[in-house]
Novice: 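Could you have a look at this structure, given as structure tokens, before my questions?
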Amino acid sequence: QTDGNPLLKGISTRENSFPIGLGSFQLTPIGGFFLYAFRDENRSKGNIYEATYATEFNLGKLTLYPQIGIEHFSKNYTRYFYGVSAFEAANSGYPAYTPMEATNTTLSVVLEFPITGNWISQLYLQRKKLDSTITESPLVDKKYLSSSYITVAFRFE
């Protein structure tokens, strides 16, 4: 969202994505494969595709799940979120920019450890390398995104 950000004056507010789609998880002897296909039902009307491979390592009480993946954004998605229209360029001082499709790569790890009984905690860390189509946008000043979170969950067995 650009409201209240003086650096983005003249740039239209982007609505949050509202992806709806299908996903699949396939467990194999060499690890798990996650496949997702989404359509953003909000303003962009773009498509998002994801593919991730994950494996598991047990290290005593700690379980490690390294993951590698890719995500692909359609041109409608990237144009809505990272593009600068001629109208916005005239009002903002940013150059007009029309991005094409983008494919980002991700490296992630989940660290899981027991708390008590069926209660577990997970620490999730991810590093995403953004496609040049995104990083060349005048609205973007990063080449990588990092994210993390910690959860407490109950595992039904």
Side-chain angles (χ1 to χ4, degrees), residues 1-27 31-57 62-113 120-153:
Q1 301 258 345
T2 59
D3 293 340
N5 187 340
L7 296 176
L8 296 175
K9 185 177 180 183
I11 299 295
S12 300
T13 299
R14 290 357 185 213
E15 302 274 333
N16 288 333
S17 179
F18 187 73
I20 296 178
L22 298 172
S24 175
F25 172 68
Q26 302 300 314
L27 183 60
F33 294 89
F34 299 84
L35 299 172
Y36 299 99
F38 301 105
R39 176 170 168 83
D40 179 12
E41 292 301 327
N42 213 343
R43 299 278 177 128
S44 83
K45 301 298 183 205
N47 298 318
I48 306 163
Y49 304 101
E50 295 181 19
T52 302
Y53 167 75
T55 192
E56 176 181 3
F57 295 103
L62 178 72
T63 305
L64 182 73
Y65 299 95
Q67 303 171 17
I68 186 168
I70 59 170
E71 64 181 9
H72 182 80
F73 298 151
S74 70
K75 65 182 175 183
N76 286 352
Y77 191 88
T78 58
R79 285 181 182 170
Y80 178 75
F81 287 103
Y82 305 105
V84 178
S85 69
F87 177 78
E88 290 174 318
N91 291 309
S92 70
Y94 286 106
Y97 182 67
T98 305
M100 299 305 287
E101 298 176 339
T103 302
N104 305 313
T105 55
T106 61
L107 289 175
S108 309
V109 65
V110 176
L111 303 165
E112 180 180 285
F113 49 94
I120 59 168
S121 184
Q122 295 177 325
L123 171 64
Y124 176 83
L125 305 167
Q126 183 186 68
R127 181 80 163 173
K128 181 185 301 187
K129 183 180 185 308
L130 299 174
D131 188 285
S132 62
T133 296
I134 294 173
T135 61
E136 290 170 3
S137 168
L139 305 177
V140 176
D141 63 356
K142 298 178 180 181
K143 292 186 180 199
Y144 296 90
L145 292 178
S146 297
S147 57
S148 61
Y149 61 84
I150 193 163
T151 65
V152 175

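Small disclaimer: the values here were computed from a predicted structure and weren't measured. The first residue of the sequence shown is numbered 1, and numbering continues consecutively from there. Hydrogens, waters and symmetry mates are skipped; everything else that's a heavy atom, side chains included, is used.
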Novice: Kindly say whether Ala153 contributes a backbone atom to a donor-acceptor pair with the side chain of Thr151 at under 3.5 angstrom?
Specialist: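 Pair absent, no side-chain N/O of Thr151 close to backbone of Ala153.
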Novice: Can you confirm whether Pro66 sits close enough to Thr55 that some side-chain heavy atom of one is under 4.5 Å from a side-chain heavy atom of the other?
Specialist: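 Side chain of Pro66 against side chain of Thr55, heavy atoms only: contact under 4.5 Å found.
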Novice: Say whether, by atom type as modelled, one donor and one acceptor occur between the side chain of Ser132 and the main chain of Thr135 under 3.5 angstrom.
Specialist: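 No: the side chain of Ser132 does not pair with the backbone of Thr135.
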Novice: Quick one, Phe87 and Asn91 - any side-chain contact, counting heavy atoms below 4.5 Å?
Specialist: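 Of all side-chain heavy-atom pairs linking Asn91 with Phe87, at least one is under 4.5 Å.
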Novice: Using a cut-off of 6.0 Å, state whether more than 12 heavy atoms not belonging to Lys45 lie near its atom NZ.
Specialist: yes
Novice: Does a side-chain heavy-atom distance below 4.5 Å link Thr98 with Arg79?
Specialist: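 Counting from C-beta outward, Thr98 and Arg79 do come under 4.5 Å.
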Novice: Are Tyr97 and Glu136 close enough that some pair of their side-chain heavy atoms sits under 4.5 Å apart?
Specialist: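 Tyr97 reaches Glu136 side chain to side chain.
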Novice: Return the CD1 to OG1 distance between Ile68 and Thr52, rounded to the nearest 0.5 Å.
Specialist: 9.5 Å
Novice: To the nearest 0.5 Å, what is the distance between CG (Leu125) and CD (Gln67)?
Specialist: 10.5 Å
Novice: Please check this pair: side chain of Asn42 against backbone of Asn16, looking for a donor-acceptor N/O pair closer than 3.5 Å.
Specialist: yes
Novice: Looking only at heavy atoms, which two atoms of Ala89 and Ala96 are closest? And how far apart?
Specialist: CB-N, 3.6 Å
Novice: Mind checking whether Phe113 and Ile120 have side chains closer than 4.5 Å, heavy atoms only?
Specialist: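 Answer no - side chains too far apart.
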Novice: Can you check whether Ile150 reaches Ser121 side chain to side chain, under 4.5 Å on heavy atoms?
Specialist: yes
Novice: Would you indicate whether Lys128, at its atom NZ, is surrounded by more than 12 heavy atoms from other residues, nucleotides or ligands within a distance under 6.0 Å?
Specialist: yes
Novice: Considering all heavy atoms of both residues, which atom of Asp131 and which atom of Thr133 are nearest to each other, and what is their separation?
Specialist: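 So the minimum-distance heavy-atom pair works out to OD1-N, 2.7 Å.
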Novice: Rounded to the nearest 0.5 Å, what separates atom CZ in Arg39 from atom OH in Tyr49?
Specialist: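 Going from CZ on Arg39 over to OH on Tyr49, the span is 9.0 Å.
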Novice: Could you give me the CA-CA distance, side-chain angles and deciding distance for Thr13 and Glu15, then say whether side-chain hydrogen bond (donor to acceptor under 3.5 Å, both in side chains) is met?
Specialist: CA-CA 6 Å; Thr13 299; Glu15 302 274 333; over 6 Å; no
Novice: Can you measure from OG1 (Thr105) to NZ (Lys129) and round to the nearest 0.5 angstrom?
Specialist: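 Going from the OG1 atom of Thr105 to the NZ atom of Lys129 covers 6.0 Å.
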Novice: For the CZ atom on Arg43, are there more than 12 heavy atoms of other groups (residues, nucleotides or ligands in this structure) within a distance under 6.0 Å?
Specialist: no
Novice: Please lay out, stage by stage, how Ser24 and Tyr36 fare under the test side-chain contact (heavy atoms from CB on, under 4.5 Å).
Specialist: CA-CA 6 Å; Ser24 175; Tyr36 299 99; over 6 Å; no
Novice: By ring pair (Phe, Tyr, Trp, His ring centres under 6.0 Å), which residues pair with Tyr53, not counting sequence neighbours?
Specialist: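 Only Phe33 meet the ring pair (Phe, Tyr, Trp, His ring centres under 6.0 Å) criterion with Tyr53.
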Novice: Within the distance-only criterion (no hydrogens, no angle test), does the side chain of Ser92 pair as donor or acceptor with the backbone N or O of Glu88 below 3.5 angstrom?
Specialist: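 Yes.
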Novice: Do Glu50 and His72 make a side-chain contact, defined as non-hydrogen atoms from C-beta onward lying under 4.5 Å apart?
Specialist: no
Novice: Begin with the C-alpha distance, continue with both residues' side-chain angles, and end with the deciding distance and a verdict on side-chain contact (heavy atoms from CB on, under 4.5 Å) for Val84 and Ile11.
Specialist: CA-CA 8 Å; Val84 178; Ile11 299 295; 4.2 Å; yes
Novice: Regarding Tyr124 and Gln126, do their side chains bring together a donor and an acceptor under 3.5 Å, going by distance alone?
Specialist: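 Yes, a side-chain donor-acceptor pair sits under 3.5 Å.
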Novice: Please work out whether the ring planes of Phe73 and Tyr82 are parallel, tilted or perpendicular, with thresholds of 30° and 60°.
Specialist: parallel
Novice: Here's a test for you: under side chain to side chain donor-acceptor pair (under 3.5 Å), which of Asn104, Thr106, Thr103 qualifies with Glu71?
Specialist: Asn104
Novice: Quick one: CG on Asn47 to CZ on Phe38, what's the gap to the nearest 0.5 Å?
Specialist: 11.5 Å
Novice: Between CZ of Arg14 and CZ of Phe81, what distance do you get to the nearest 0.5 Å?
Specialist: 9.0 Å
Novice: Which heavy atom in Pro95 sits nearest to a heavy atom in Pro138, and how many Å separate them?
Specialist: O-CG, 3.6 Å
Novice: Just checking, is any N or O donor in the side chain of Asn76 or Ser74 under 3.5 Å from an acceptor N or O on the other one?
Specialist: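 On atom types as modelled, these side chains do not qualify, holding no pair under 3.5 Å.
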Novice: Is Leu27 close to Glu56 at the side-chain level, that is, under 4.5 Å between some pair of heavy atoms?
Specialist: no
